[in-house]
Every structure is written in C-alpha cells, then in structure tokens.
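To start, the structure under review is shown below, and the notes come after it.
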Amino acid sequence: MSSIVIALPKIEDGKKIRTILSRYGFPAASVCSTGSHALAKMSELDCGILICGYRLCDMSYSELADCLPDYFELLLLASSRVINDMPQSVLSLEMPLKARDLVNTVDMVLNQIERRQRRRKKKPKARSAKEQNYISNAKMLLMQRNHLSEEEAFRYIQKSSMNSGTNMVETAQMVLMLMLDEIE
C-alpha cells in the first residue's frame with residue numbers, strides 16, 4: 001500500500017496537511033521537518049509520495065529529490081515564483097494551498113503509483129536455468145518422438161499448460177515424466 005510522508009520546515013504546517021489528507025481518507029505515515037528524517041521514514045515504507053516544501057532545515061527539495069527512493073514520488077509545495085523557476089518534471093502545488101487541489105493531486109499520484117506497481121507485479125519472473133532446462137528437454141523429446149519443429153513443440157507445451165492451468169515448467173515436467181515412463 002502507498003504511504004504519504006510530509007516534510008515541511010514548520011511541523012505545525014505538516015500536521016495541518018496531515019489532518020486535511022486524513023479527512024479525505026489518506027493516512028499520512030509521518031510528518032517531519034528535516035530531509036534526513038523524511039528519507040529515513042521512506043526507507044521503512046514500500047512506496048508512496050513525499051510532500052515537501054522548497055527548503056527544509058537540512059536540505060532543499062532538489063537535494064531531497066536526488067536522494068528519493070525509486071518507489072516514491074515527490075510533490076513540492078512552493079510559491080508561484082519558485083514553481084515558475086523550477087523544471088517542468090517536478091510535480092508541484094502552489095502555496096497558499098487549496099485543500100481540494102491537494103487531495104486531487106495526492107489521489108492522482110497514488111493511483112499512478114499503484115498502477116505502476118500492478119504492472120511490475122504482472123511481469124513474469126525470469127526462469128531459472130533449471131526451469132529452462134526442463135522446457136528445453138521436453139521440447140527436444142517432443143521434437144524427436146513426434147517429429148515436431150522446435151516452434152511446434154514449444155507451442156504444444158504452451159497450449160497444454162494453458163489448458164491444464166499449470167505453468168510451462170510443470171507442464172514440461174509432466175511431458176518428461178510421461179514420455180520417460182513409456183521408455184521403461
């Protein structure tokens with residue numbers, strides 16, 4: 001689940017933002033006034049958003065952005081003058097802050113993070129050498145016994161795997177066991 005870390009120079013301002021967010025159902029994991037404390041908190045969390053001010057007592061937003069973990073997004077709260085001078089790639093909200101703008105932006109960023117995580121989880125894991133060996137051996141056996149091309153043998157294992165609801169490695173193991181049982 002995505003978390004929210006708030007880092008602002010005045011801890012009271014951070015607490016006010018946390019109150020606004022919690023009122024709309026966004027629990028903030030931590031409120032802090034230093035960049036180092038924010039980085040420490042983020043390292044304990046899975047992913048999320050860092051809401052920070054332009055300048056904290058120990059570092060600026062740009063230094064914090066350079067140290068930001070890959071699984072966190074930065075939302076800068078700053079004056080219009082500061083926002084106009086910064087790169088377009090930095091997500092920002094103008095101060096004074098409107099609660100609705102904050103809530104909508106946080107919601108958008110958290111949804112984006114969750115979509116990215118779902119995509120990352122959907123990617124199939126790379127097969128180990130042992131698993132790849134099972135598939136290769138099953139293909140070779142099918143090619144020799146049934147006079148199939150390599151592509152046809154692979155497609156056969158793939159189709160059997162989908163039909164039986166097992167993964168390709170398990171199907172390859174079944175093919176090997178069945179064909180080797182026939183030999184004995």
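Each residue takes its place number in the sequence, starting with 1.
Residues passing the side chain to side chain contact (heavy atoms under 4.5 Å, CB included) test with R81, sequence neighbours excluded: S79, D85.
Looking at heavy atoms from C-beta onward, Y71 lies out of side-chain contact with R116 at the 4.5 angstrom threshold. Using a 4.5 Å heavy-atom threshold, the side chains of I51 and L74 count as separate. Side-chain contact between V90 and Y61 is present, with at least one heavy-atom pair separated by less than 4.5 Å.
Applying the side-chain hydrogen bond (donor to acceptor under 3.5 Å, both in side chains) rule to pairs touching residues 22-33 yields nothing, sequence neighbours excluded.
Hydrophobic clustering of Ile, Leu, Val, Met, Phe, Trp and Tyr side chains at less than 4.5 Å, counting indirect connections, unites V109 with L93.
Listed for the N111 side chain is a donor-acceptor partner under 3.5 Å among the backbone atoms of D107. One N or O on the side chain of N167 and one on the backbone of V169 form a donor-acceptor pair closer than 3.5 Å. Here the side chain of E131 pairs a donor or acceptor atom with the backbone of S128 at under 3.5 angstrom. The backbone N or O of G35 lies less than 3.5 Å from a partner atom in the side chain of D58, making a donor-acceptor pair. No side-chain donor-acceptor contact under 3.5 Å links S160 to the backbone of I157.
The shortest heavy-atom contact between M143 and L148 is CG-O, 3.3 Å. Between A7 and A38, the closest heavy-atom pair is CB-CB, 3.9 Å.
Q112 and R115 form no side-chain donor-acceptor contact under 3.5 Å, judged by distance and modelled atom types alone.
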